[in-house]
Amino acid sequence: MIAVDAWVLLLFVRAAGSGARPPAATPDGADAFTWVFLVPALNEEVTIRDSVTRLLAVPVAHRLIVVIDDASDDTTPEILAELDHHADLRVLRRDLPNARRGKAAALNSAFRALAGMLGEADRSAVIVAIVDADGRLDPEAPRYAASQFAEPSVGGVQSLVRIYNRHRLLTWCQNVEFSVYGHLFQAGRNGWGTAGMGGNGQFNRLSALDALADADGPWRDRLTEDQDLGLRLIAHGWEGRQELRATVDQQGLSAVRPLFRQRTRWSQGNLQALGLIDEVVSARLPLGVRLEQVAYLLMPLWQGIIGASFFTALVLMLLGVAPFWGDGPGWTLILFWVLAFGGTILGCIAARLSAGPRGWIMGFLIGHVYALYTWFLWPVLLRSTARVVAQRRDWSKTQREPIGTDPAASGSGP
């Protein structure tokens with residue numbers, strides 16, 4: 001557990017350096033690339049118009065928006081038909097029985113269709129962005145992503161994900177969660193070029209996708225196909241970067257049951273990704289990069305150990321076997337606090353480093369609240385492990401909430 005906290009501290013130091021020295025983003029930098037936005041859509045009548053309309057307003061010189069209608073049977077096709085007069089918009093309709101085979105299959109169908117849409121374009125200068133049907137990509141995101149892709153070795157860039165309906169405690173905690181992940185666990189790995197891809201707001205160089213593609217395409221049928229893709233990009237020698245200035249807003253889940261279902265799917269995907277350890281270990285990468293990637297892949301194991309230790313410590317405390325105060329040694333209570341709250345506090349401070357001392361204090365305080373949320377979600381790991389053992393992969397689609405008058409989130413802190 002001490003080793004995990006030491007790793008988090010290292011990421012915190014490296015994230016601070018990464019945020020202080022981002023590459024310069026020129027006003028016309030995005031115009032050096034062709035931007036292809038892929039939007040998977042299955043029964044997305046609630047949010048699809050909002051998402052596509054925002055993409056049509058992104059100020060880039062060369063753009064193509066491809067919506068993959070995966071056999072929707074609500075009003076999604078009618079909404080897309082109303083928007084289809086835009087020259088930059090293509091609707092790729094998939095029908096049963098070939099449709100509804102997962103997000104990876106939908107994305108791969110669009111990937112195969114791009115050859116006919118792009119013609120003889122230089123595929124190293126084409127950037128493919130994934131925007132979920134509830135996604136609100138910041139209009140300036142391509143400009144900031146372009147500053148990263150100016151380095152030819154960069155194959156993937158992940159935007160900072162934010163929650164736009166964060167007016168409730170549960171959705172506010174999810175916004176903090178994404179902020180901590182982006183500012184600490186992602187930005188802290190920028191220097192190594194090992195930042196992962198997270199789906200919504202993910203940018204990939206088309207030539208890098210070509211390097212991973214088989215007969216179907218670059219995405220594989222995984223519960224977290226984005227994580228799988230990002231890890232394979234790194235194993236093939238491409239760099240992954242987190243761009244904190246590029247943001248994408250999405251809906252949070254305001255009810256506990258769908259949140260647990262979503263997080264269980266993600267956790268099960270993380271367990272699936274353990275199968276990539278051999279590929280990472282044997283990759284032609286510096287030893288430090290490979291070790292860092294293995295440590296990242298083993299995160300479910302570290303989470304399991306820490307969670308079990310935390311639970312055991314509480315039981316021993318309640319039984320009076322190992323008291324944290326009174327007759328017990330004071331350092332025990334301090335160690336318990338560091339292990340229980342240290343990582344989340346560092347993450348929340350990292351998300352507010354640019355705000356100065358006042359932001360650091362707020363991050364310190366928020367870290368204690370956010371830690372309770374992370375422990376609240378810890379049973380997800382038990383459920384996902386049980387599903388892996390039972391070889392269950394069935395999932396129901398999470399329903400979108402109606403779009404209200406909430407403004408898109410502003411600012412980069414939690």
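Checking side-chain atoms of S159 against main-chain N and O of G201 turns up a donor-acceptor pair under 3.5 Å. Looking at R261, its side chain never comes within 3.5 Å of a backbone N or O of V256 through a donor-acceptor pair. Judged by distance alone, the side chain of W360 and the main-chain N or O of G356 form a donor-acceptor pair under 3.5 Å. Side-chain N or O atoms of D69 include none that pairs as donor or acceptor with a backbone N or O of L92 at under 3.5 Å. Of the possible donor and acceptor atoms, none in the side chain of R400 sits under 3.5 Å from a partner among the backbone N and O of V46. Proximity of a side-chain donor or acceptor of Q174 to a complementary backbone N or O of L170 within less than 3.5 Å is detected. R263 places no side-chain N or O within 3.5 Å of a backbone atom of S267 that could act as its donor or acceptor partner. A donor-acceptor pair is defined here as one N or O able to donate and one able to accept, closer than 3.5 Å; such a pair exists between the side chain of T264 and the backbone of F260. In this structure a side-chain-to-backbone donor-acceptor pair under 3.5 Å is present from D134 to Q251. Formation of a donor-acceptor pair under 3.5 Å by the R352 side chain with backbone atoms of M362 is not found in this model.
One finds a salt bridge joining D73 and R100 here, because a Lys/Arg side-chain nitrogen approaches an Asp/Glu carboxylate oxygen to under 4.0 Å. Taking a cutoff of 4.0 Å between a charged side-chain nitrogen and a carboxylate oxygen, R241 and E239 qualify as a salt bridge. Checked for salt-bridge contact, E82 and R49 meet the test: a charged N lies under 4.0 Å from a carboxylate O. Electrostatic pairing of D132 and K103 counts as a salt bridge here, judged by a charged N lying under 4.0 Å from a carboxylate O. A salt bridge is absent between R205 and E151; no separation between the charged side-chain nitrogens and carboxylate oxygens falls under 4.0 Å.
Seen from the ring of Y164, R136 counts as a face-on cation partner, given the 6.0 Å and 45° thresholds. Relative to the six-membered ring of Y296, R189 meets both conditions, a distance below 6.0 Å and an angle of at most 45° to the axis. For R232 and W238, the positive end is not near the middle of the six-membered ring at less than 6.0 Å and at most 45° from its axis.
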Check your understanding: So L301 and L274, side chain to side chain contact (heavy atoms under 4.5 Å, CB included) or not? Walk me through it.
Key -> CA-CA 10 Å; L301 175 62; L274 291 173; over 6 Å; no

Check your understanding: Hey, mind stepping through W337 and H368 against side chain to side chain contact (heavy atoms under 4.5 Å, CB included) and telling me if it holds?
Key -> CA-CA 10 Å; W337 177 84; H368 291 81; 3.2 Å; yes

Practice item. Please assess T47 against D50 for the test side-chain hydrogen bond (donor to acceptor under 3.5 Å, both in side chains), listing each intermediate value before the final yes or no. Key: CA-CA 5 Å; T47 59; D50 179 75; over 6 Å; no

Practice item. Decide side-chain hydrogen bond (donor to acceptor under 3.5 Å, both in side chains) for S207 and R123; before the verdict, give the C-alpha distance in whole Å, the side-chain angles of both, and the deciding distance to 0.1 Å. Key: CA-CA 5 Å; S207 57; R123 294 172 77 88; over 6 Å; no

Review point. What do the steps show when you test Q272 against N270 for side-chain hydrogen bond (donor to acceptor under 3.5 Å, both in side chains), and what is the final call?
Key: CA-CA 5 Å; Q272 282 184 336; N270 292 339; over 6 Å; no

Exercise for review: Evaluate the side chain to side chain contact (heavy atoms under 4.5 Å, CB included) criterion for residues L137 and F37: first the C-alpha distance (whole Å), next the side-chain angles of each, then the deciding distance (0.1 Å), finally the verdict.
Suggested key: CA-CA 10 Å; L137 188 71; F37 301 99; 3.6 Å; yes

Review point. How far apart are the C-alpha atoms of T76 and E44, what are their side-chain angles, what is the distance that settles it, and do they pass the side-chain hydrogen bond (donor to acceptor under 3.5 Å, both in side chains) test?
Key: CA-CA 6 Å; T76 297; E44 298 287 1; over 6 Å; no

Practice item. For the pair R166 and D249, evaluate salt bridge (Lys or Arg N to Asp or Glu O under 4.0 Å) and give the outcome as yes or no after the intermediate values. Key: CA-CA 11 Å; R166 61 182 187 227; D249 294 271; 5.3 Å; no

Review point. Stepwise, does the side chain to side chain contact (heavy atoms under 4.5 Å, CB included) test hold for R393 with V388?
Key: CA-CA 8 Å; R393 296 193 61 200; V388 169; over 6 Å; no

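Side-chain atoms of V176 and C348, non-hydrogen and from C-beta on, do get closer than 4.5 Å to each other. Counting heavy atoms from C-beta on, the side chains of L276 and D228 come closer than 4.5 Å. Between E243 and L160, every side-chain heavy-atom pair lies at or beyond the 4.5 Å cut-off. Contact of the W172 side chain with the H167 side chain is not registered, since no non-hydrogen atoms from C-beta on lie closer than 4.5 Å. Proximity of L297 to V280: side-chain heavy atoms (C-beta onward) are separated by under 4.5 Å at one or more points. Side-chain contact between L55 and V39 is present, with at least one heavy-atom pair separated by less than 4.5 Å. Residues T34 and R63 are not in side-chain contact: their nearest non-hydrogen atoms beyond the backbone lie 4.5 Å or more apart. I68 has its side chain within reach of L38: a pair of non-hydrogen atoms, C-beta onward, lies under 4.5 Å apart.
L353 approaches A16 most closely through the heavy-atom pair CD1-CB, 3.6 Å. Across all their heavy atoms, F111 and G217 have their closest contact at CD2-CA, 4.0 Å. Heavy atoms only, all atoms of each residue included: H236 and L212 are closest at ND1-CD2, 3.4 Å. Across all their heavy atoms, A104 and E225 have their closest contact at CB-CB, 4.2 Å. Across all non-hydrogen atoms, the minimal contact from A25 to R245 is CB-NH1, 4.1 Å. Smallest separation of non-hydrogen atoms from A133 and S51: O-CB, 3.3 Å.
Residues that satisfy the side chain to side chain donor-acceptor pair (under 3.5 Å) test with Q242, not counting sequence neighbours, are Q186.
Side-chain contact, Q250 with N200: a donor N or O sits under 3.5 Å from an acceptor N or O. In this model, a donor atom of one side chain and an acceptor atom of the other lie less than 3.5 Å apart for E45 and T75. Counting only N and O atoms by type, the side chains of Q202 and Q158 include no donor and acceptor under 3.5 Å apart.
Between Y373 and F376, the angle of the ring planes lies from 30° to 60°, which puts this pair in the tilted group. Using bins of under 30°, 30° to 60° and over 60° for the plane-to-plane angle, the ring pair W35/F149 lands in the perpendicular bin.
To the nearest 0.5 Å, the span separating OG1 on T385 from CZ on R383 amounts to 12.0 Å. We find the CH2-CG distance between W192 and L285 to be 13.5 Å, quoted to the nearest 0.5 Å. Between atom CZ of residue F341 and atom CZ of residue F364 there is a gap of 10.0 Å, rounded to the nearest 0.5 Å. In this structure, CG on N204 lies 10.0 Å from CG on D226, to the nearest 0.5 angstrom.
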